[in-house]
Amino acid sequence: MAKKQRTAIEPTRNEDYAEWYQQIVRVAELAENSDVRGCMVIKPWGYAIWENIQKVLDKMFKSEGVKNAYFPLFIPKSYFEKEAEHVDGFAKECAVVTHSKLEDDGNGGLKVGGELTEPYIVRPTSETIIGASFSKWVNSYRDLPLLINQWANVVRWELRTRLFLRTAEFLWQEGHTVHASRDEAEAETKLMLDVYAKFAEVYLAVPVIKGEKSEGERFPGAVATYSIEAMMQDKKALQAGTSHFLGQNFAKSSEIKYQNKDGEYEYAWTTSWGVSTRLIGALIMAHSDDNGLVLPPKIAPAHIVIIPIAKTDQDREEILEYIKKITSALQNKRFDGKEIIIEVDDSDATSGEKNWKWIKRGMPIRLEVGKRDMESESVFMGRRDLEPRDKKTLKWNDFVDTVEEILEEIQANIYQKALDFRKENTLIIDNQEEFYKFFTPESKKKPEIHGGFALAHWCGSVECEEKIKEDLKVTIRNIPFELDSEQGNCICCGKESKQRVIFSKSY
RNA sequence: CGGGGUGUAGCGCAGUCCGGUUAGCGCACUGGUUUUGGGAACCAGGUGUCGGAGGUUCGAAUCCUCUCACCCCGACCA
C-alpha cells in the first residue's frame, strides 16, 4: 500500500470530519473559543472575511433601495409577548437582563443589584423592537415601502455550539421591510432570497438551492420562509440564508398601520431576511481540503502572497527590489472591480514553512520569488485550487497581465468543484427502500460520510416529515423553486404528491 | 437540556487505575552554529497556579465532593 501522503490538516475529512472542521478553523486562524460559554473570538483573518461579506452584501442591499439603521440590543419582555408563535420559537434560548448594577458584596467581590422593573431580552432577532419603531414611522401609503437593514450581533442561548456554525452570540444582518400589499411583500421576500443566492454563488462560490421551507421548519411567526441550501463536503445541508414573508402577523402585533389612498387604515405586510457569520462556516465546509482553508478570491482578505527566497542578505535586498517592481505593476490591476491585495511574507521562517502557512490560510495565489526567478524575470506560482506541489514558472509581466484571469479561473474552479460535488451527491429517489439505504451509514458506530440530497416526493403532511426525521434524522431542507411540479407518490406514505423536495441531513 | 468523553506548557499528548524525588515527551518558542527552491539539522535554553473550588492525607495531577469549559451523539435552532 502506498504511503499515506502527508496532509497539513489531521485528521483528514474522511477520517473525522467534525475534527477536521475544527482544525481548519484553528490552523487557518479564523476564530477560537473564548472564556465565555459558546461565544467565539473571531481572529483577524476570519474577521477580514466577514468584513468582505459585509462590504459586498451591503452594496447589494443598497442597490435594492435598502437603507441601514440601528436598533437597541435590548428588547423589553413585553414586546416579545406580543407575537405568540415568535415567543414559542425563541423563549428557550434568550439571555435576559434583570439587573442594572454591581455592588460590593463585603467580601472583596461583587453582587448584582438594582433589579429592573421590566426585564430586557438581549435580541435573538429584532422583529419586535424594529416593529415598535416601524409603527411610528409608517403612517401613510406614501411611507411605503420601508426598506431597512441592520448589521448587528444577536444572542441565542444555544445548548450545543460550534464555531461559526452555531454560537451563542453571532454577527449577522437582518433586513426588515414594510409594504402596502401582500404581493409586494412576497416579491421583496423572494428578491432578497435572490440576492443571497447570487452572493453565495458569485462571491462565496457556493452553489445553493432556493426554495420554500416546510411548515415545520418555518421561522416562528412567519407565513412563509424561504431558504438557500448548500451542500457541505460531508454531504450534509447547510442553510446559508433565510428570507421570511411575515404576512400581517408582526404588523398586527406591533400595530404597523398605514392610511391607504381612500383614507382607510390597513395593516401593513412585512418581511425579514438574514445571513450570519455562519456563512464563514459554509465557506469552510464547502471548499476547504486536507491541506487547509480554500478561499474564493472574490471574498479572500488578500489575493496574492509573495514569498521571497534568499540565501544571503544581499540577495534578499535585490529580491525585495524585484518584488517591489511586481507589486507596483499589480497596483494598476483590478479584480472584480477592486484593488488586488498582496501580502509580502518577509518573515524569516523557511520558505517551506511560509508556503504551508499560506496554503493553510487559503491564499488564492502564492508567488515564490528567488534569485533564479529574478534572473529569468519570472515568478514561481502556486494556486490554492491546485495541488500544493503543482506549481509553475511564468514571466512576471505575463503574470501581471493575466492575474485577473487567473483569479477568475480560481474562483470558477472552486465553484465548479462544489457544484460537481453537489451533483454527484444529489439523487432522484422514488423507492422507499433506496431512500432509507441512502441515508443509513454502513458503520453504525463510526458513521462514514454518506447520504447527500435526495429529491423525493412528499405528500405535504407533517406526519411524514416527522417520521422520516425520526427514522433517519433527515429533514426537508426546502421545496426547490427550480423543480417543476410533477405527479408522484410520497416517499413515506405513498400518497399522491405534486412536488419533489430536498431531503437531507443538515447542520 | 439528556447520554458519553476530555481538561497536564502555545499545540498534540504520557503520567492518574495502585497518592511519594525537582511533573515529563514531541512539535512550536528563544539564542547559537551549519543549512536553505519546498513543511531543515545539531547544540543550548525558557515555558506549567496538572480547568476551578472545597475535602481526605504527613504528602494530591493522582482519592472524594461540587463546579466550569470543550468535544461527540441526541433534542432545539441561523
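Predicted model, so just to flag it, every value in this text is computed and none were measured. Just so it is clear, the values below take in all heavy atoms, side chains as well, and ignore hydrogens, waters and symmetry mates. Throughout, a chain's letter reflects where its sequence line sits, starting with A, and its residues are numbered from 1.
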At a cut-off of 3.5 Å, list every protein nitrogen or oxygen paired with a nitrogen or oxygen from nucleotides 6-12 of chain B, distance to 0.1 Å.
unit_1: B:C11; atom_1: O2'; unit_2: A:Arg26; atom_2: NH2; d: 3.3

Using atom [atom1] of each nucleotide, how far apart are [N] and [M] to the nearest Å?
| N | M | atom1 | value |
| --- | --- | --- | --- |
| B:U35 | B:C42 | C1' | 11 Å |
| B:U47 | B:U57 | C1' | 31 Å |
| B:G52 | B:G7 | P | 13 Å |
| B:A14 | B:G51 | P | 13 Å |
| B:A40 | B:C18 | C1' | 44 Å |
| B:A44 | B:C27 | P | 14 Å |
| B:A61 | B:A9 | C1' | 14 Å |
| B:A28 | B:A60 | P | 36 Å |

Notebook entry, point to check: Relative to the ring of A:Trp269, is the ring of A:Phe245 parallel (under 30°), tilted (30 to 60°) or perpendicular (over 60°)?
Noted result: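 Taking A:Trp269 first and then A:Phe245, their aromatic rings lie parallel (interplane angle under 30°).
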Margin query: How would you summarise protein contacts on nucleotides 69-78 of chain B per nucleotide, using B for base, S for sugar-phosphate only and - for none, with heavy-atom distances below 4.0 Å?
Written below: SSSSBBBBBB
Margin query: One character per nucleotide, please: for nucleotides 34-46 of chain B, 5' to 3', B when the base has a protein heavy atom closer than 4.0 Å, S when only the sugar-phosphate does, - otherwise.
Written below: --BBBBB------
Next item on the list: For A:Trp356, check ring-ring contact (aromatic ring centres under 6.0 Å, His included) against everything at least two apart and list the hits.
Entry: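 Per chain and number, A:Trp356 pairs via ring-ring contact (aromatic ring centres under 6.0 Å, His included) with no residue.
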Checklist line | Contacts of A:Tyr17 that satisfy ring-ring contact (aromatic ring centres under 6.0 Å, His included) - sequence neighbours left out | finding: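 A:Trp20.
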Could you tell me the Watson-Crick or G-U partner of [N], where both distances fall under 3.5 Å? Say none if there is no partner.
| N | answer |
| --- | --- |
| B:U21 | none |
| B:A53 | B:U65 |
| B:C27 | B:G10 |
| B:G74 | B:C1 |
| B:G39 | none |
| B:G48 | none |

What pairs with [X] under side-chain contact (heavy atoms from CB on, under 4.5 Å), at least two apart in sequence or on another chain?
| X | answer |
| --- | --- |
| A:Val202 | A:Lys198, A:Lys298 |
| A:Lys311 | A:Asp315 |
| A:Lys391 | A:Asn355, A:Arg366, A:Glu368, A:Phe380 |
| A:Asp385 | A:Arg383, A:Ile410, A:Asn413, A:Ile414 |

Checklist line | Check against ring pair (Phe, Tyr, Trp, His ring centres under 6.0 Å), A:Phe438 and A:Phe503 | finding: CA-CA 11 Å; A:Phe438 185 63; A:Phe503 284 98; over 10 Å; no
Next item on the list: With sequence neighbours excluded, tell me which residues meet salt bridge (charged side-chain N to carboxylate O under 4.0 Å, His left out) with A:Glu188.
Entry: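 Testing A:Glu188 for salt bridge (charged side-chain N to carboxylate O under 4.0 Å, His left out), a comparison that skips the adjacent residues, returns none.
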Item checked: Which residues share a salt bridge (charged side-chain N to carboxylate O under 4.0 Å, His left out) with A:Lys473, sequence neighbours left out ->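 Residues passing salt bridge (charged side-chain N to carboxylate O under 4.0 Å, His left out) with A:Lys473: none at all.
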Checklist line | Matching residue for A:Glu229 among A:Lys213, A:Lys210, A:Lys505 - test: salt bridge (Lys or Arg N to Asp or Glu O under 4.0 Å) | finding: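 So, applying the salt bridge (Lys or Arg N to Asp or Glu O under 4.0 Å) to A:Glu229 and each of A:Lys213, A:Lys210, A:Lys505, only A:Lys213 qualifies.
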Item checked: Of all pairs that satisfy ring pair (Phe, Tyr, Trp, His ring centres under 6.0 Å), the ones with a partner from residues 219-240 of chain A, not counting sequence neighbours ->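 Sorted result for residues 219-240 of chain A: A:His86-A:Phe219, A:Phe90-A:Phe219, A:Phe219-A:His244, A:Tyr226-A:Phe481.
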